[in-house]
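Chain A is the first sequence line, chain B the second, and so forth, proteins listed ahead of strands; every chain is numbered from 1.
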Amino acid sequence: MPGASPPAGLSRELIALRAARELEPGSVVNLGIGLPTLVAGFVEPTDQILFQAENGILGYAGISESDFDPDLINAGGQPVDLVAGASFFDTADSFAMIRGGHIEAAVLGGLQVSAQGDLANWYVPARGGGSVGGAMDLAVGARKLIVAMAHVTREGAPRIVEVSDYPLTAERCVDVIITDLAVIDVTKFGLALRETAPGVSVAEIVGRTGAKLDTSGPLSEMSL
Amino acid sequence: MPGASPPAGLSRELIALRAARELEPGSVVNLGIGLPTLVAGFVEPTDQILFQAENGILGYAGISESDFDPDLINAGGQPVDLVAGASFFDTADSFAMIRGGHIEAAVLGGLQVSAQGDLANWYVPARGGGSVGGAMDLAVGARKLIVAMAHVTREGAPRIVEVSDYPLTAERCVDVIITDLAVIDVTKFGLALRETAPGVSVAEIVGRTGAKLDTSGPLSEMSL
Amino acid sequence: MIAEVFDSPDDAVSEIAEGATILVGGFVSAGTPSNLILALKRSGQTDLTAVANNIGLGDLLDELCEDRQLARVIATFAIRASGGRKSRFESLYHAGEVELELVPQGTLIERLRAGGAGLGGVLTRTGLGTMMQDGKQVLELDGERWLLERPLRGDVALIKAWRADRLGNLQYRLAGRNFNPVMASAADLVIAEVEEIVEPGEIPADQVGTPALYVDRIVQCEPIPVRWEG
Amino acid sequence: MIAEVFDSPDDAVSEIAEGATILVGGFVSAGTPSNLILALKRSGQTDLTAVANNIGLGDLLDELCEDRQLARVIATFAIRASGGRKSRFESLYHAGEVELELVPQGTLIERLRAGGAGLGGVLTRTGLGTMMQDGKQVLELDGERWLLERPLRGDVALIKAWRADRLGNLQYRLAGRNFNPVMASAADLVIAEVEEIVEPGEIPADQVGTPALYVDRIVQCEPIPVRWEG
């Protein structure tokens, strides 16, 4: 039912919080620009997660509240703090990490995700262009790819579709989709609903999803 | 006249001295293992030549007389001192320098050099093997390749030949050959005698050279 | 090979030719040679190709669009997917007055590295099955498909470091390295803007980020801070 | 991802399997993990493939030939062109009891880097027109010929650094880096021998040579100096 008023889903912050819960303690994680940068604010120091920024930092600790140092920013240009044991490196070494499979998980924003896990997140046909940044390398290199995005567009059109009609970031790369309405796994059999947002029904999620969604598996409400 | 007793040519030290004279002040130079390592002892600090060692040093200053530090060696495993302004890097960065054309000159040893400047310097068929080290990368990457070697083998056979019968290091890579008897340029027309060692005649050099040697250009005796 | 010290960024960039390809180091605000970019603007040189991570993200590279000095840009960030104030570059691009080659960041740095390291190209999975594959050779090896990416070099590289010594060794601070060391290896003329020039030996040998052999010109400048507000 | 600290090199290498491919860092005496090599000798594990810059140049890797633990060696220096005392490896090699793949040094490091960086290969001129070309694909691109070199990885990497922090960050001293940082990126299990273990933050962030994410096991050992007398 595209066009109908959307159900009250999660805020951007709660999507980020739910995405943070998807990360393994002790893992190395890259956060894309936009909503994903909020994820760094929702992990505990005891989780010992090391955030990698593709501009050359391993071990930054969320957005800095102190003075802006132009040489100490994340990939979104925001000032960051460091954890003890952080390191710096150049872009070649940074993408060797990313492309070489040394990043356990990446959280990226999305424009569309297809039934087979193709991601489109860099090019908006209506704007006649886009910016790819490190998204294509992260999509092929991260061992687990989490897409955090609104379930539907501002106009109410599904972002989860059978086949993407946007230029792709990479084919068959997405593992998990976290939206304001649901947590959906991309499996070799297709999309499988795992969790629903509080107060959102399975029928509402299916109605706002443009691809076949298996709802027969174990289902729970997100705990936030 | 292979087999005849060799004329009294330059010592290894004097070959190294003559090779050192071939280097441009202010240039970056890599020295191969063996005789070429002696070259570092024959440049003046005022020449501001920076020696690169493929194991990861730019700016070493000849063989060290002080204590042996296992982490501060040249590519031949010898202890070295550093100049002010030296730097360290890993092997990937070192061969990026070498292969990328950032080394002005390399001085390598040779087993054979052919008329078109092919170099063979890593594999001795009689020994059934060899060690290539960085020689192939230096041969294709250094902007000027100087080969410093004995003019003939211990058995008196020419090392400068029409076509090499040893496994090659690289094709068409040698610019200058410096031996105990002569300095020979490799030009696009073939080999050209440039200098003779003191007391060595042009006829003796031609006689001990297994390839056509142009002796018609301007000729001088080496000044040492 | 000893680097030459220049008194002003304008002198340092004065020989950049019309139509040159310029590699520009930096990532948004970090390690960005803003003084050299502004000097290039003042030089008025045109028909330039700029290779940079980003244009129009608060960076001063966008200033080169004011007088249409750029004919072509090779970048990873150039047109924002979301709304907000358009950069000068975006306006020119949509008016068809500047060309854009968008390249994935990991591919851009490998192409530059190949250009500097004497490699003929590298094989990557990045971009397979996307628009980035168009016009490129795909190799199938042992049942896996790879995109062949070719080397990229510049006539000039404009880079930014924290300190230089008089030989040309550069030291970076914090996340100021990013594209700078690789770009310094991949251009015929390398010009570095630094905050301080010291004597050889003052930068410890194991803290040199770009060895002296890569650097042709150095100029000391007060850094110009830039910031991207998203 | 936090590195595990082991009490002895023997414990650190105890899970290396028969038939494993082992990357061994170091260049002759510099940055060579001699304690780990000797522990591997004591483990008695056989049918190993060793990938290293050198074998038999005063290095202890040659000790693995005493009990024929190596089935295959991939190296740049292995058989000396000149005379002198034969290494154990040379004797085994000439007896046909160990295989050797000799690789140019710049090609070896690029193959390892490709293995660690997720690249399918690189194109180099090194080795064109030589024995190194045998059995390899040659690409002609824009009139230039290039040799395609494929990635190389290990099951295990044995590396040596000066200091480690408890997260696994490594700091090298002098020319001790050489093959170590790239090998640390190109193996499933990375074991580092270090002279000292410190707390996270004690190695300054801009002096980390191998970031913590690459290192699985660290063990503090008194370094064993080796020296090649030519």
Peer 1: Can you tell me which of V140(A), N55(A), L168(A) forms the most heavy-atom pairs within a distance under 4.5 Å of chain C?
Peer 2: N55(A)

Peer 1: Which atoms of I33(A) come close to chain C, meaning under 4.5 Å heavy atom to heavy atom: side chain ones, backbone ones, both, or neither?
Peer 2: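 Answer is side chain: those atoms of I33(A) sit under 4.5 Å from chain C.
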
Peer 1: Atom NZ of residue position K136(C) - does it have more than 12 heavy atoms of other residues, nucleotides or ligands inside 6.0 Å?
Peer 2: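 Correct, the count exceeds 12.
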
Peer 1: Any idea which of L100(C), V28(C), L108(C), N178(C) has the most non-hydrogen atom pairs under 4.5 angstrom with chain A?
Peer 2: N178(C)

Peer 1: Run the side-chain contact (heavy atoms from CB on, under 4.5 Å) test on V132(A) and M132(C) for me, step by step, so that the C-alpha distance in whole Å, both residues' side-chain angles and the decisive distance to 0.1 Å come before the verdict.
Peer 2: CA-CA 10 Å; V132(A) 66; M132(C) 300 300 173; 4.2 Å; yes

Peer 1: Under 4.5 Å between any side-chain heavy atoms of Y123(A) and L102(C), yes or no?
Peer 2: no

Peer 1: Give the member of G133(A), G77(A), G134(A), P167(A) that has the highest number of heavy-atom pairs under 4.5 Å with chain C.
Peer 2: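 That would be G133(A).
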
Peer 1: What part of A75(A) gets closer than 4.5 Å to chain C, counting heavy atoms only: side chain, backbone, both or neither?
Peer 2: both

Peer 1: Taking side chain as everything from C-beta outward and backbone as N, CA, C, O, which of these in Q78(A) sits under 4.5 Å from a heavy atom of chain C? Side chain, backbone, both or neither.
Peer 2: neither

Peer 1: Give, as side chain, backbone, both or neither, the part of T107(C) having an atom under 4.5 angstrom from any heavy atom of chain A.
Peer 2: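 It is both, since atoms from each part get that close.
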
Peer 1: Test your reading of the model: is there a side-chain donor-acceptor pair from R99(A) to the backbone of G106(C), 3.5 Å cut-off?
Peer 2: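 Confirmed, R99(A) side chain pairs with G106(C) backbone.
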
Peer 1: Given that the side chain runs from C-beta out, which part of P181(C) has a heavy atom under 4.5 Å from chain A: side chain, backbone, both or neither?
Peer 2: side chain

Peer 1: Does any N or O in the side chain of T130(C) come within less than 3.5 Å of the main-chain N or O of T169(A), such that one atom is a donor and the other an acceptor?
Peer 2: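 Pair absent, no side-chain N/O of T130(C) close to backbone of T169(A).
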
Peer 1: Count the heavy-atom pairs under 4.5 Å between each of G127(C), A30(C), G26(C), S29(C) and chain A, then report the option with the highest count.
Peer 2: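 Sorted descending by pairs with chain A, the first entry is S29(C).
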
Peer 1: Run the numbers on R173(C) and D69(A) for side-chain contact (heavy atoms from CB on, under 4.5 Å), then give the verdict.
Peer 2: CA-CA 11 Å; R173(C) 68 184 287 274; D69(A) 184 324; 2.7 Å; yes

Peer 1: Less than 4.5 Å to any heavy atom of chain A: does that hold for the side chain of Y172(C), its backbone, both, or neither?
Peer 2: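 Looking at Y172(C), nothing touches chain A.
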
Peer 1: Contact part of I98(A) toward chain C, heavy-atom cut-off under 4.5 Å: side chain, backbone, both or neither?
Peer 2: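 No part of I98(A) comes within 4.5 Å of chain C.
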
Peer 1: Evaluate side-chain contact (heavy atoms from CB on, under 4.5 Å) for N180(C) paired with D90(A), printing each intermediate quantity in order.
Peer 2: CA-CA 8 Å; N180(C) 287 300; D90(A) 70 19; over 6 Å; no

Peer 1: Do P225(C) and F68(A) have side-chain heavy atoms sitting under 4.5 Å apart?
Peer 2: no

Peer 1: Of the backbone (N, CA, C, O) and the side chain (C-beta and beyond), which part of A92(A) lies under 4.5 Å from a heavy atom of chain C, both, or neither?
Peer 2: both

Peer 1: Assess whether atom CG of D134(C) is packed by more than 12 heavy atoms of other residues, nucleotides or ligands within 6.0 Å.
Peer 2: yes

Peer 1: Side chain, backbone, both or neither: which part of L174(C) has an atom under 4.5 Å from a heavy atom of chain A?
Peer 2: both

Peer 1: Give a yes or no on whether E140(C) atom CD has more than 12 heavy-atom contacts from other residues, nucleotides or ligands under 6.0 Å away.
Peer 2: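 Yes, CD of E140(C) has more than 12 neighbouring heavy atoms, counting only those of other groups under 6.0 Å.
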
Peer 1: Do you know which of A120(A), G141(A), P70(A) has the most heavy-atom pairs under 4.5 Å to chain C?
Peer 2: P70(A)

Peer 1: Does atom CD of E13(A) have more than 12 heavy-atom neighbours, drawn from other residues, nucleotides or ligands, at distances under 6.0 Å?
Peer 2: yes

Peer 1: May I ask you to test the F95(A)-R113(C) pair for a side-chain heavy-atom distance under 4.5 Å?
Peer 2: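 No, their side chains stay 4.5 Å or more apart.
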
Peer 1: Among K160(C), Q105(C), R125(C), single out the residue with the greatest number of heavy-atom pairs under 4.5 Å to chain A.
Peer 2: Q105(C)

Peer 1: Among A75(C), P104(C), G31(C), G176(C), single out the residue with the greatest number of heavy-atom pairs under 4.5 Å to chain A.
Peer 2: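 That would be P104(C).
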
